[in-house]
Amino acid sequence: DVLGFSLGGWIAAEMAVNNAAQFRHMALAAPFGIRPPSGEIRDLFATPTQNYIDASVFDSISTPELSKLYGGAPSPKQYEMWEDARAEAARLAWAPYMFNPSLPRLLEGVKGLPTLLLWGKNDQIVPVSTADVYAGAISGAQVALFDHCGHMPEIEKKDAFLAKLTAFLAA
């Protein structure tokens with residue numbers, strides 16, 4: 001089984017294109033990798049770090065899990081790690097920005113791989129319209145959408161996320 005979040009979801013999708021048989025199930029949580037038919041992928045490089053982090057959830061003020069995740073205000077070490085991650089993202093996905101134009105067509109070749117897409121309806125990082133493209137490209141893919149949820153359903157809607165994921169993996 002493979003579970004990929006965000007950029008890791010894109011990587012898992014590309015791995016499935018190359019050899020879907022290596023996986024029993026594939027679950028992707030708000031993956032990058034496909035250009036949204038409506039909306040834009042948020043620019044990681046043009047957005048101040050804290051603004052990007054705040055935009056990753058539906059309501060950063062009332063999401064205590066976000067504060068716990070980062071241990072309150074980000075430390076200098078966490079900012080340094082964030083900048084390292086941004087530099088690596090630039091190396092991997094600068095142009096075109098955070099998507100592979102061939103991926104939807106390539107995913108059409110993924111057959112017999114049970115796939116679940118998990119997405120917050122209010123994702124401000126990767127628009128939820130991208131879920132439809134993934135689902136249309138991967139035969140039999142299921143989509144689970146979460147209300148009042150941004151780019152991190154595993155944090156914002158943890159219980160519902162785990163319930164969907166557990167049921168999917170058990171099938």
Side-chain angles (χ1 to χ4, degrees), residues 1-17 23 25-47 49-60 62-70 81-82 85-86 88-90 92-94 96-104 106-107 110 113-138 140-169:
D1 296 329
V2 65
L3 171 59
F5 297 88
S6 198
L7 185 59
W10 178 9
I11 293 168
E14 295 273 2
M15 291 172 67
V17 163
F23 302 130
H25 296 92
M26 179 168 68
L28 308 175
F32 286 94
I34 290 178
R35 181 181 218 159
S38 63
E40 298 276 332
I41 296 171
R42 186 179 212 82
D43 191 334
L44 173 66
F45 309 108
T47 305
T49 299
Q50 191 60 54
N51 292 2
Y52 194 89
I53 291 169
D54 290 345
S56 69
V57 294
F58 176 69
D59 183 358
S60 63
S62 63
T63 305
E65 293 82 1
L66 187 65
S67 179
K68 285 185 224 168
L69 176 69
Y70 296 107
M81 291 170 54
W82 177 263
R86 285 185 356 151
E88 189 60 31
L92 294 171
W94 184 269
Y97 179 70
M98 295 293 189
F99 71 91
N100 172 354
S102 301
L103 188 57
L106 294 171
L107 285 169
V110 174
L113 176 60
T115 300
L116 176 63
L117 301 159
L118 303 128
W119 227 291
K121 287 184 179 179
N122 307 97
D123 193 331
Q124 294 181 56
I125 305 298
V126 181
V128 70
S129 65
T130 311
D132 294 333
V133 182
Y134 265 102
I138 303 170
Q142 303 169 44
V143 178
L145 299 176
F146 301 93
D147 290 323
H148 307 292
C149 183
H151 190 64
M152 302 173 119
E154 71 279 8
I155 293 171
E156 294 179 273
K157 300 293 180 177
K158 180 178 73 174
D159 293 338
F161 180 91
L162 289 173
K164 293 274 187 192
L165 181 62
T166 303
F168 170 72
L169 294 174

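What you see below is based on every heavy atom in this structure, not just the backbone, and it leaves out hydrogens, waters and symmetry mates.
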>> If the condition is side chain to side chain donor-acceptor pair (under 3.5 Å), which residues does S38 pass it with, not counting sequence neighbours?
In response: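 Testing S38 for side chain to side chain donor-acceptor pair (under 3.5 Å), a comparison that skips the adjacent residues, returns S129.
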
> Which residues pass the side chain to side chain donor-acceptor pair (under 3.5 Å) test with D132, sequence neighbours left out?
Replying inline: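 None.
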
Atom of [X], atom of [Y] and distance for their closest heavy-atom approach:
{"X": "E156", "Y": "S56", "value": "OE1-O, 3.9 Å"}
{"X": "A135", "Y": "A141", "value": "CA-CB, 4.0 Å"}
{"X": "L107", "Y": "A13", "value": "CD2-O, 3.9 Å"}
{"X": "I34", "Y": "V133", "value": "CG2-CG1, 3.4 Å"}
{"X": "L165", "Y": "A27", "value": "CD1-CB, 3.6 Å"}
{"X": "L117", "Y": "A131", "value": "CD1-O, 3.8 Å"}

Heavy-atom distance under 4.5 Å between the side chains of [X] and [Y], does that happen here?
{"X": "Y134", "Y": "V143", "answer": "no"}
{"X": "L3", "Y": "L169", "answer": "no"}
{"X": "K164", "Y": "L118", "answer": "yes"}
{"X": "P36", "Y": "I41", "answer": "yes"}

>> List the residues meeting ring pair (Phe, Tyr, Trp, His ring centres under 6.0 Å) with Y52, not counting sequence neighbours, and say none if there are none.
In response: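 Partners of Y52 by the ring pair (Phe, Tyr, Trp, His ring centres under 6.0 Å) criterion, ordered by chain and then number, come out as W82.
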
> For F168, which residues count as a ring pair (Phe, Tyr, Trp, His ring centres under 6.0 Å) partner, sequence neighbours excluded?
Replying inline: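 Partners of F168 under the ring pair (Phe, Tyr, Trp, His ring centres under 6.0 Å) test: H25.
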
> What pairs of residues pass the side chain to side chain donor-acceptor pair (under 3.5 Å) test when at least one of them lies in residues 140-151, not counting sequence neighbours?
Replying inline: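 Pairs touching residues 140-151 that pass the test: S6-H151, K121-D147, D123-H151.
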
Nearest 0.5 Å please: distance from the [atom1] atom of [X] over to the [atom2] atom of [Y].
{"X": "D54", "Y": "T47", "atom1": "CG", "atom2": "OG1", "result": "11.5 Å"}
{"X": "N122", "Y": "L145", "atom1": "CG", "atom2": "CG", "result": "10.0 Å"}
{"X": "F23", "Y": "L113", "atom1": "CZ", "atom2": "CG", "result": "7.5 Å"}
{"X": "M98", "Y": "L7", "atom1": "CE", "atom2": "CG", "result": "6.0 Å"}

Just by modelled atom types, is the [Y] backbone N or O under 3.5 Å from a matching donor or acceptor in the [X] side chain?
{"X": "W119", "Y": "T130", "value": "no"}
{"X": "E154", "Y": "A29", "value": "no"}
{"X": "R86", "Y": "L44", "value": "yes"}

List in chain and number order the residues that pass side-chain contact (heavy atoms from CB on, under 4.5 Å) with [X], two or more places apart in sequence or in another chain; answer none if no residue qualifies.
{"X": "A90", "value": "F45, W94"}
{"X": "E88", "value": "R91, L92"}
{"X": "N100", "value": "W10, E14, S102, L103, L106"}
{"X": "A55", "value": "R42, Q124, I125"}

